[in-house]
Amino acid sequence: MHDARALIEMGAEAVRRLARRGYSLDLSELESLQSRRNQNIRSADELRAESKRVASEVQQTAKQGGDISKLKERARELKDQIRDIEAGQVHVEEQLRDLLLSIPNLPDDAAPDGDSEDFAVEIRRVGTPPAFPFEPKDHVDLGEGMGLLDFARATKLSGPRFAVSRGAGAALERALATLFLDLHTRRHGYVEHAVPYLVTRKTMTGTGQLPKFEEDLFKTGVADRELFLIPTAEVPLTNLYADEIIPPAELPLALTAHTPCFRSEAGSYGRDTRGLIRQHQFAKVEIVQMVDPADADATLETMVGHAEACLKELGLAYRVVKLAAGDTGFSAQLTYDIEVWIPSQNTYREISSVSNFGTFQARRANIRTRGEDGKPKLVATLNGSGLPIGRTLAALLEQCQQQDGSIVLPESLVPYLGFRRISADGTPEA
């Protein structure tokens with residue numbers, strides 16, 4: 001969310017930056033609403049001051065035995081005028097808030113121009129995609145053939161875009177989550193949290209999922225209580241500190257959680273309906289940091305490294321790209337995508353997005369710290385996937401498959417699994 005005054009002061013610069021992400025800022029509408037708001041505040045203050053003076057005159061005149069009928073009539077008029085202005089003020093405030101909530105974050109000038117993944121700039125490649133002396137299978141054929149994944153029974157339970165993992169497949173999911181949490185808590189300094197999976201509308205609004213992305217969210221409720229299933233642990237982790245002032249000595253805050261994530265994928269239009277790439281429910285380990293805004297750029301680079309560390313531990317080939325301004329998420333200023341190699345598709349696919357939100361989310365959720373002068377100021381928030389379990393499992397099965405149909409897993413998973421090889425029939429082997 002933006003400060004209306006800041007956008008107005010930026011003027012053409014705000015229009016230019018938002019245009020890079022395909023958003024047309026109506027500066028005149030913003031200025032009009034802000035002006036009406038300010039005028040209403042001034043008018044209400046003036047009328048309240050007059051009302052106070054008239055009330056005082058009523059008391060003094062009554063004590064002196066004078067006629068107070070005209071003064072009382074004026075007092076009633078002022079009361080009605082104040083009520084009307086306050087009602088109008090509520091309406092203007094709602095209009096201004098709705099407009100500000102709809103305006104995306106200003107993209108960083110470091111983001112390349114463009115409006116799709118085709119304009120992303122590759123930063124680096126790590127590892128070499130495996131070369132197979134056979135035609136590699138995709139993770140669906142591998143997982144179903146080995147009895148690790150069951151999409152048919154998941155569809156029977158819940159409909160399309162769900163999966164059941166079983167046996168060594170379920171164990172592998174659990175091992176991946178534990179490995180990632182151990183990396184982030186023991187090596188990277190994050191504090192693990194167990195958070196609610198159902199949150200309020202205010203919480204969803206704080207991180208920018210609402211109001212824009214309501215069609216992508218699963219919603220439930222009891223009686224008049226409305227709750228949303230989280231699309232990512234970013235939502236509860238960031239909002240833990242909503243409406244709080246974080247002592248400067250506690251920054252940076254580094255938080256992580258392993259949660260299920262729920263997304264309707266309403267705007268995906270049939271893409272990736274096969275397999276684990278795009279599901280309605282999936283598990284993910286999320287990393288979130290809250291820092292002084294001056295430290296946000298450096299923290300973004302650090303967090304990209306934290307997500308990369310997960311892939312390096314698994315020996316998976318991947319690349320890092322910087323997203324174009326027009327392809328950057330609604331709340332983000334700058335985003336790096338980490339894309340893992342998927343052999344069956346002969347391409348890299350996104351497995352993690354790590355973003356700097358600047359003070360955008362903090363303003364919406366009212367998360368502050370104190371500056372050197374002791375006055376409250378907004379923090380900067382950042383988050384990233386570190387990593388999603390399903391997509392990592394898909395990449396592991398495909399990159400680690402052998403000609404005999406088995407899967408040879410990375411050594412880093414052995415302490416969590418107790419085995420390194422899964423035979424073609426799905427049997428774990430040391």
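Computed from heavy atoms alone, side chains included, the values below leave out hydrogens, waters and symmetry copies.
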Is the shortest distance from a Lys or Arg side-chain nitrogen in Glu93 or Arg37 to a carboxylate oxygen in the other one below 4.0 Å? yes
Salt bridge Arg21-Asp115, side-chain N to carboxylate O under 4.0 Å: no
N-O pairing of Asp45 and Arg48 below 4.0 Å: yes
With Ile407 as reference, evaluate Met146, Gln402, Glu398 under the side-chain contact (heavy atoms from CB on, under 4.5 Å) test and give the passing residue. Met146
Search all heavy atoms of Leu396 against all heavy atoms of Pro410 and return the closest pair with its distance. CD2-CD, 3.8 Å
Any non-hydrogen side-chain atom of Thr359 less than 4.5 Å from a side-chain atom of Val379? no
Would you find more than 12 non-hydrogen atoms of other residues, nucleotides or ligands less than 6.0 Å from Arg16 atom CZ? yes
Determine yes or no for a side-chain-to-main-chain donor-acceptor pair under 3.5 angstrom, with Ser43 supplying the side chain and Gln39 the backbone. yes
Glu31 and Arg36 ion-paired at < 4.0 Å: no
So does Asp373 have more than 12 non-hydrogen atoms from other groups sitting under 6.0 Å from CG? yes
Assert yes or no for the condition that the ring centre distance of His280 to Phe162 is strictly below 6.0 Å. yes
Listed partners of Arg125 passing salt bridge (charged side-chain N to carboxylate O under 4.0 Å, His left out), at least two apart: Glu122
Are the side chain of Ser423 and the backbone N or O of Thr427 linked by a donor-acceptor pair below 3.5 Å? yes
Output the distance between atom OG (Ser406) and atom CD (Gln401), rounded to the nearest 0.5 Å. 9.5 Å
Going by heavy atoms in the side chains, are Tyr241 and Thr381 under 4.5 Å from each other? no
Ignoring hydrogens, what is the shortest heavy-atom contact between Leu387 and Ala307? Give both atom names and the distance. CD2-O, 3.9 Å
Which of parallel (below 30°), tilted (30 to 60°) and perpendicular (above 60°) describes Trp341 and Tyr348? perpendicular
Is Ser412 close to Leu314 at the side-chain level, that is, under 4.5 Å between some pair of heavy atoms? yes
May I ask you to test the Lys322-Asp337 pair for a side-chain heavy-atom distance under 4.5 Å? no
Working to the nearest 0.5 angstrom, can you tell me the gap between Ile123 CD1 and Tyr336 OH? 5.5 Å
Donor-acceptor contact below 3.5 Å, side chain His2 vs main chain Pro104: yes
Taking distance alone, no hydrogens or angles, what donor-acceptor pairs closer than 3.5 Å link side-chain atoms of residues 287-298 to residues at least two apart or in another chain?
unit_1 : atom_1 : unit_2 : atom_2 : d
Gln289 : NE2    : Tyr190 : OH     : 3.1
Asp292 : OD1    : Ala294 : N      : 2.9
Asp292 : OD2    : Lys377 : NZ     : 2.7

Quick one: closest heavy-atom pair of Leu382 and Phe357, and the distance? CA-CD1, 4.0 Å
Search all heavy atoms of Arg364 against all heavy atoms of Pro211 and return the closest pair with its distance. NH2-CD, 3.9 Å
Decide, yes or no, whether a salt bridge links Arg349 with Glu339 under the criterion of side-chain N to carboxylate O below 4.0 Å. no
Contacts of type ring pair (Phe, Tyr, Trp, His ring centres under 6.0 Å), residue His139, not counting sequence neighbours: none
N/O donor-acceptor pairs under 3.5 Å from side chains in residues 149-158, not counting sequence neighbours:
unit_1 : atom_1 : unit_2 : atom_2 : d
Asp150 : OD1    : Ala152 : N      : 3.3
Asp150 : OD1    : Arg153 : N      : 2.9
Asp150 : OD2    : Arg153 : NH1    : 2.7
Thr155 : OG1    : Phe151 : O      : 2.9

Check Asp141 with Arg274, please: is the shortest side-chain N to carboxylate O separation under 4.0 Å? yes
Which heavy atom in Phe330 sits nearest to a heavy atom in Leu101, and how many Å separate them? CZ-O, 3.3 Å
Answer whether the closest heavy-atom distance between the side chains of Phe262 and Leu217 falls below 4.5 Å. no
Which atoms form the tightest heavy-atom contact between Gln403 and Pro133, and what is the distance? OE1-CG, 3.9 Å
Any donor-acceptor pair under 3.5 Å linking the side chain of Thr369 with the backbone of Ile246? yes
A side-chain contact here means heavy atoms from C-beta on lying under 4.5 Å apart; do Arg124 and Glu308 qualify? yes
Any side-chain heavy-atom pair of Ser264 and Phe218 under 4.5 Å: yes
Quick one: which of Gln34, Glu29, Glu94 gives a side-chain contact (heavy atoms from CB on, under 4.5 Å) with Leu99? Glu29
Taking side-chain contact (heavy atoms from CB on, under 4.5 Å) as the criterion, tell me which of Arg391, Glu286, Glu234 meets it with Ser385. Glu286
Output side-chain donor-acceptor pairs under 3.5 Å for residues 194-203, partner residues at least two apart or in another chain, one line each.
unit_1 : atom_1 : unit_2 : atom_2 : d
Thr200 : OG1    : Thr203 : N      : 3.2
Thr200 : OG1    : Thr203 : OG1    : 3.0
Arg201 : NE     : Glu226 : OE1    : 2.9
Arg201 : NH1    : Glu214 : OE1    : 3.4
Arg201 : NH2    : Glu214 : OE2    : 2.9
Arg201 : NH2    : Glu226 : OE2    : 3.0
Lys202 : NZ     : Asp243 : OD2    : 2.8

What verdict does the side-chain hydrogen bond (donor to acceptor under 3.5 Å, both in side chains) test give for Thr347 and Gln345, after you've listed the backbone C-alpha separation in whole Å, the side-chain angles of each residue and the deciding distance to 0.1 Å? CA-CA 5 Å; Thr347 192; Gln345 299 181 15; over 6 Å; no
For Tyr23, what residues pass the ring pair (Phe, Tyr, Trp, His ring centres under 6.0 Å) criterion, not counting sequence neighbours? none
Would you mind checking if Glu350 and Arg319 are paired as a salt bridge, meaning a charged N to carboxylate O distance below 4.0 Å? no
With a 6.0 Å cut-off (strictly less than), is the heavy-atom count around CZ of Arg97, excluding the residue itself, greater than 12? no
